[in-house]
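All remarks here apply to the structure that follows.
This structure is a prediction, so every number in the text was calculated from the model and none was measured. Numbering starts at 1 and runs along the sequence shown. Order of listing sets the numbers, starting from 1, for every ligand and every atom in it.
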Amino acid sequence: METKTKQTGIAKLEIDGTVFELPILSGTEGPDVVDVSKLYATAGVFTLDPGFTSTGSCESQITFINGEEGILLHRGYPIDQLAGNSGFLEVSYLLLNGELPTQTKFTSFANDITQHTLIHTQMDRFFDGFRRDSHPMAMLTGAVGALSAFYPGAMDSSDPDERYLAYIRLIAKMPTLAARIYKYTIGQPFVDPQNDLSYAANFLRMCFAITAEPYKTNPILARAMDKIFILHADHEQNASTSTVRLAGSSGAHPYAAVAAGVASLWGPSHGGANEACLNMLRQIGDVSEIPEYVRRAKDKNDPFRLMGFGHRVYKNYDPRATVMQKTAEEVLGELGIDTPVLRVARELEKIALEDDYFIEKKLYPNVDFYSGIILDAMGFPTEMFTVLFALARTVGWCAQLNEMIEDPTQRIGRPRQIYTGPATRDFIPISERS
Ligand code: SDX
């Protein structure tokens, strides 16, 4: 990746009377950055920013979020346009390659994915090692890490062709792994991919077809599934993507780096929020209970938070939530479901958005607020929700990992710290300790 930052100014930092000059760099959109990479070498001090609230880890040309305006761009294209006019595999090509594909390039890319959807037959036995009631994310974390054991070929991250093959295998096999994990938890036989189906339709069939009877995919649900994958594909330097970049910066191969991303995504503050949000909506149960839960969410002494609300970057409506809400209404309308959780979600969103606490702290629904309602209506158990998030985010992880590997300025990630532990002291033999 060739850098496209421009130096547009100088920041002056005075320490003990000495002024240090730091370059100010500008990108295409968003805040300028102060380049502190030479700060320690010139001033002998580190910066400290535990949650990276003000710190960029890299230059990237893949995704841009304007949190104040609620804007999300993938390679410059607004998410609502991609969700409304494109498909997940086309968006995957865009994220990986930087441009929307011509028909010829798309056909070749889609064929590459199709040719790699099957998994090694011995990998099917891998699942037998898990208890049937294992959390699906526990199985996915293990299965993705195990891919390198079954596909030892594409392991050299420094080789572009091997990297591409690893990305294709990961994107192609995630739906097969996710469907097998679901089938394993319900004790049904695995259903293999079918090459004449679209990516999303193939996934739905592998999950919901039973070998005893024919299965017909509902095109509305397949389109909704594809749209949900688009909405989860990439999102700048979020926790799991930063995990993938850091893991990959050591030279760890793509399967290992993506397995680290799966593990990070599992957390309830991150990708686990869709599962936690639906559980919360069920716990609330009825619109009459909403005021008590909103009170609890505002109580500093109560650890309860409104899952599916708030975001590190968005201080406005998450544009993905807008598309997700519309998709939820479409899917539930198509299925003729008027689930109580949808009524609770609509009312909770209305109350929260009018509440001073949420307005003052700029807490809006995020991508996880409505996704669980759709997935629940489609028949997925709550524990599978984050697996689907990981399935979709795999292409974003691969695109970001590749950008990091191809960035000439990137080195092994190794943050520093401020140390506040004991100063140097001598060892005391146990016989002399009190
Ligand atoms: C995802 O980074 C990404 O891009 C992630 C993601 C992606 O696509 O990769 O978008 C996917 O992870 C979406 C977020 C899903 N998580 C949730 O829905 C869990 C609930 N949300 C919160 O835990 C929280 O909002 C975070 C984790 C999402 C963001 O946390 P921050 O940026 O560290 O904000 P914070 O915790 O410092 O909160 C700021 C204030 C705090 O109050 P004060 O200490 O200032 O008094 O807002 C409060 C918080 O207590 N607050 C909430 C709240 N979220 C924040 N209060 C009640 N309910 C909430 N949901």
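Nearest non-hydrogen protein atom to atom 47 (O) of ligand 1 is K361 CD, 3.6 Å. Ranking the protein heavy atoms by distance from atom 15 (C) of ligand 1 puts D368 OD2, 3.2 Å first. Given atom 50 (O) of ligand 1, the protein heavy atom at minimum distance is R305 NH2, 3.0 Å. For atom 14 (C) of ligand 1, the nearest protein heavy atom (residue, atom name, distance) is N366 ND2, 3.6 Å. Looking at atom 6 (C) of ligand 1, its nearest protein heavy atom turns out to be H311 NE2, 3.7 Å.
For D368 and R320, the salt-bridge test fails: no basic side-chain N is under 4.0 Å from an acidic carboxylate O. Ion pair K362/E68 not flagged as a salt bridge, since none of the NZ, NE, NH1 or NH2 atoms sits closer than 4.0 Å to an Asp/Glu carboxylate oxygen. Between R296 and E292 there is no salt bridge, since no side-chain N of the basic residue sits under 4.0 Å from a carboxylate O of the acidic one. With salt bridges taken as basic N to acidic carboxylate O contacts below 4.0 Å, one links R163 and E406.
When each atom of ligand 1 is checked for a heavy atom of K300 under 4.0 Å away, the hits are 42 (O), 43 (P), 44 (O), 46 (O), 50 (O). Distances below 4.0 Å separate heavy atoms of A273 from the following atoms of ligand 1: 15 (C), 16 (N), 17 (C), 18 (O). For ligand 1, the atoms closer than 4.0 angstrom to any heavy atom of H235 are 3 (C), 4 (O), 6 (C), 7 (C), 8 (O), 9 (O), 10 (O). Each of the following atoms of ligand 1 lies closer than 4.0 Å to a heavy atom of G308: 17 (C), 18 (O). Those atoms of ligand 1 that come under 4.0 Å of a heavy atom in A297, given as number and element, are 56 (N), 57 (C). The contact set between ligand 1 and N238, taken as ligand atoms under 4.0 Å from a residue heavy atom, comprises 2 (O), 3 (C), 4 (O), 5 (C), 9 (O). Against a heavy-atom cut-off of under 4.0 Å, G310 is close to the following atoms of ligand 1: 25 (O), 28 (C).
Checked against the 6.0 Å centroid criterion, the rings of F208 and Y182 qualify as a close aromatic pair. Between F380 and F385, the ring center distance fails the sub-6.0 Å criterion. Between H235 and Y314, the gap from one ring centroid to the other is short of 6.0 Å.
Of the protein's heavy atoms, none falls inside 4.0 Å of atom 39 (C) of ligand 1. When distances from atom 26 (C) of ligand 1 to the protein are checked, no heavy atom turns up under 4.0 Å. There is a protein heavy atom closer than 4.0 angstrom to atom 43 (P) of ligand 1.
Atom CZ of R132 is surrounded by more than 12 heavy atoms from other residues, nucleotides or ligands within 6.0 Å.
The minimum heavy-atom distance between F20 and I15, with the atom names listed, is CE1-CB, 3.9 Å. S240 and R393 get closest at one heavy-atom pair: OG-NH1, 4.3 Å.
By the 30° and 60° cut-offs, the orientation of the rings of F130 relative to F126 is perpendicular.
Residue Y314 places every heavy atom at 4.0 Å or more from ligand 1. Contact between E236 and ligand 1 is absent, with no heavy atom of the residue lying under 4.0 Å from the ligand. Put simply, part of R393 is less than 4.0 Å from ligand 1, judged by heavy atoms. Remark: distances from the non-hydrogen atoms of R320 to ligand 1 include one below 4.0 Å. Between S269 and ligand 1 there is a heavy-atom distance shorter than 4.0 Å.
Of the N and O atoms on the side chains of Q115 and N111, at least one donor lies less than 3.5 Å from an acceptor on the other residue.
At a 4.0 Å heavy-atom cut-off, ligand 1 touches Y357 through the side chain alone. Of the heavy atoms in L363, only side-chain atoms (C-beta onward) come closer than 4.0 Å to ligand 1.
Heavy-atom proximity to atom 19 (C) of ligand 1, evaluated over H270, R312, K362, M307, is greatest for M307.
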Determine, stepwise, if the pair R346 / E329 fulfils side-chain contact (heavy atoms from CB on, under 4.5 Å). CA-CA 11 Å; R346 285 191 199 114; E329 304 287 357; 2.9 Å; yes
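Close N/O approach between L306 and ligand 1 is found [any backbone or side-chain N/O within under 3.5 Å]. Between F309 and ligand 1, an N or O atom pair is found at a separation short of 3.5 Å. Polar contact with ligand 1: absent for D318 (N/O pair, distance under 3.5 Å).
Between the side chain of T117 and the backbone N or O of T114, at least one donor-acceptor pair lies under 3.5 Å.
Judged by the 6.0 Å and 45° rule, R416 forms no cation-pi pair with F46.
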